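Read through the structure below, which is laid out as structure tokens, and then see the notes.
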Amino acid sequence: MIRLQRVTKRFDGGAEALHNVSLRVDEGALAFVTGPSGAGKSTLLRLIARLERPTRGRILVNDQDLATLPKSREPQFRRSIGLVFQDHRLLFDRPVHANVALPLEILGYRRAEARKRVRAALDKVGLLHKEGAEPQTLSAGEQQRVGIARAIVHRPALLLADEPTGNLDPALSREIMQLFLDFNRVGVTALIASHNLELISALRKPMLHLEHGRIEARHAPRAASPA
Ligand SMILES: Nc1ncnc2c1ncn2[C@@H]1O[C@H](COP(=O)(O)OP(=O)(O)OP(=O)(O)O)[C@@H](O)[C@H]1O
């Protein structure tokens, strides 16, 4: 599903955010990326989502080399990915359902189909009863769940999450991770960046540890392993 071959990312005028990183995440797997602040976790996810381009190396997502992805296949590529951010980036001037509907609007879904999918996504994260609420009236955990509903509303095959529990207390963090495990159980591949080692170690999933842009350790190497 995801394959990186000797990927290096150097930002203009900056140091290398990633150096010679190779990894593989198989279809249907759920893997974690850990590492201290500045290790390159966000950069790794952004490269896979094609929000950044590598300086060197190859990135394949679903057997498609991202360097040669034709323009005609870009919408299909975007549809295949769901992104979850630490700060969830909800629009506070729109109710919950309109926030969740955003990716569908961008992808050009018809209104009736969009409404159905928004309700299904909110139901999956346990927030259907909040569809008309203003985001600022929700708790931090609920806001993050809205962000997750928005990430999965178009039913992506791949979920990329960047510190999705960063601002949450331990109980809420476990709840959010459980959602990812649930999605993974029904076939969604997931790569999650997290520095919450205590939480993710207990989940017994493959882990890649990044330090200074390099993979320093790999655990449970069957589903996330050297390419
Ligand atoms: N757009 C950018 N321009 C220049 N340097 C960048 C850019 N984005 C990231 N970097 C640098 O790349 C390195 C890796 O950053 P990255 O955000 O990927 O780390 P991270 O592991 O996600 O950190 P955190 O846990 O704090 O989010 C850092 O040194 C950072 O300053």
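Given the structure is predicted, the values throughout are model-derived calculations rather than measurements. We're numbering straight along the sequence, starting at 1.
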Distance under 6.0 Å and angle within 45° of the ring axis: does Arg89 meet both against Phe85? yes

Donor-acceptor contact below 3.5 Å, side chain [X] vs main chain [Y]:
X      : Y      : result
Asn99  : Leu91  : yes
Asn196 : Gly166 : no
Thr137 : Ala133 : no
Thr8   : Asn20  : yes
Lys41  : Gly35  : yes
Ser80  : Ala157 : no
Arg6   : Arg58  : no
Gln143 : Pro135 : yes
Glu163 : His195 : yes

Contact between [X] and [Y] at the side-chain level, heavy atoms closer than 4.5 Å - yes or no?
X      : Y      : result
Ile59  : Asp65  : no
Pro156 : His154 : yes
Arg10  : Arg56  : no
Ser22  : Val7   : no
Val188 : Leu158 : no
Leu172 : Asp169 : yes
Glu211 : Pro36  : yes
Phe32  : Leu208 : no

Write down the atom of [X], the atom of [Y], and the distance for their closest heavy-atom approach.
X      : Y      : answer
Ala193 : Leu45  : CB-CD1, 3.8 Å
Ile81  : Ala49  : CD1-CA, 4.0 Å
Val153 : Arg150 : CG1-O, 3.4 Å
Ile200 : Ser194 : CG2-OG, 4.1 Å
Gln86  : Gln144 : O-NE2, 3.4 Å
Pro54  : Leu47  : N-CD2, 3.4 Å

Tell me yes or no: between the side chains of Glu131 and His129, is some donor less than 3.5 Å from an acceptor?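 No, because no side-chain N or O of Glu131 sits under 3.5 Å from a partner of the opposite role on His129.
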
Among Ile192, Val25, Leu210, find the one that has a side-chain contact (heavy atoms from CB on, under 4.5 Å) with Val33.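 Looking at Ile192, Val25, Leu210, the match for Val33 under the side-chain contact (heavy atoms from CB on, under 4.5 Å) is Leu210.
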
Salt bridge (charged side-chain N to carboxylate O under 4.0 Å, His left out) evaluation trace for Glu134 with Arg94: CA-CA 7 Å; Glu134 299 299 321; Arg94 303 176 180 216; over 6 Å; no

Under the side-chain contact (heavy atoms from CB on, under 4.5 Å) rule, what do Arg119 and Val100 come out as? Steps first, then yes or no, please. CA-CA 9 Å; Arg119 288 177 61 82; Val100 177; over 6 Å; no

In this structure, would [X] and [Y] fall into the same cluster of hydrophobic residues linked by side-chain contacts under 4.5 Å?
X      : Y      : answer
Leu51  : Leu66  : yes
Phe92  : Leu122 : yes
Leu102 : Val118 : no
Phe77  : Ile106 : no
Leu128 : Leu179 : yes

How long is the straight-line distance from [atom2] of [Y] back to [atom1] of [X], given to the nearest 0.5 Å?
X      : Y      : atom1 : atom2 : value
Arg46  : Leu18  : CZ    : CG    : 12.0 Å
Arg3   : Asp26  : CZ    : CG    : 9.5 Å
Leu160 : Leu83  : CG    : CG    : 5.5 Å
Leu60  : Ile2   : CG    : CD1   : 11.0 Å
Arg174 : Thr165 : CZ    : OG1   : 11.0 Å
Gln178 : Phe183 : CD    : CZ    : 11.0 Å

Just do the side-chain contact (heavy atoms from CB on, under 4.5 Å) check on Leu138 and Val146 with the steps written out, would you? CA-CA 9 Å; Leu138 304 181; Val146 174; 3.7 Å; yes

Within a reach of under 6.0 Å around [atom1] of [X], are more than 12 heavy atoms found that belong to other residues, nucleotides or ligands?
X      : atom1 : answer
His212 : NE2   : no
Arg50  : CZ    : yes
Glu113 : CD    : yes
Glu74  : CD    : yes
Asp93  : CG    : yes

Let's go through Ser42 and Asp162 carefully: what are the C-alpha distance in whole Å and the side-chain angles of both, what is the deciding distance for side chain to side chain donor-acceptor pair (under 3.5 Å) to 0.1 Å, and is it a yes or a no? CA-CA 6 Å; Ser42 305; Asp162 196 356; 2.7 Å; yes

Could you walk me through whether His209 and Arg218 satisfy the side-chain contact (heavy atoms from CB on, under 4.5 Å) test, starting with their C-alpha distance in whole Å, then the side-chain angles of each, then the deciding distance to 0.1 Å, before giving a yes or no? CA-CA 6 Å; His209 186 70; Arg218 303 172 193 262; over 6 Å; no

Given the rule in the side-chain contact (heavy atoms from CB on, under 4.5 Å) test, do Leu159 and Ile152 qualify, once you have shown the distances and angles that lead to the verdict? CA-CA 8 Å; Leu159 256 181; Ile152 55 103; 3.8 Å; yes

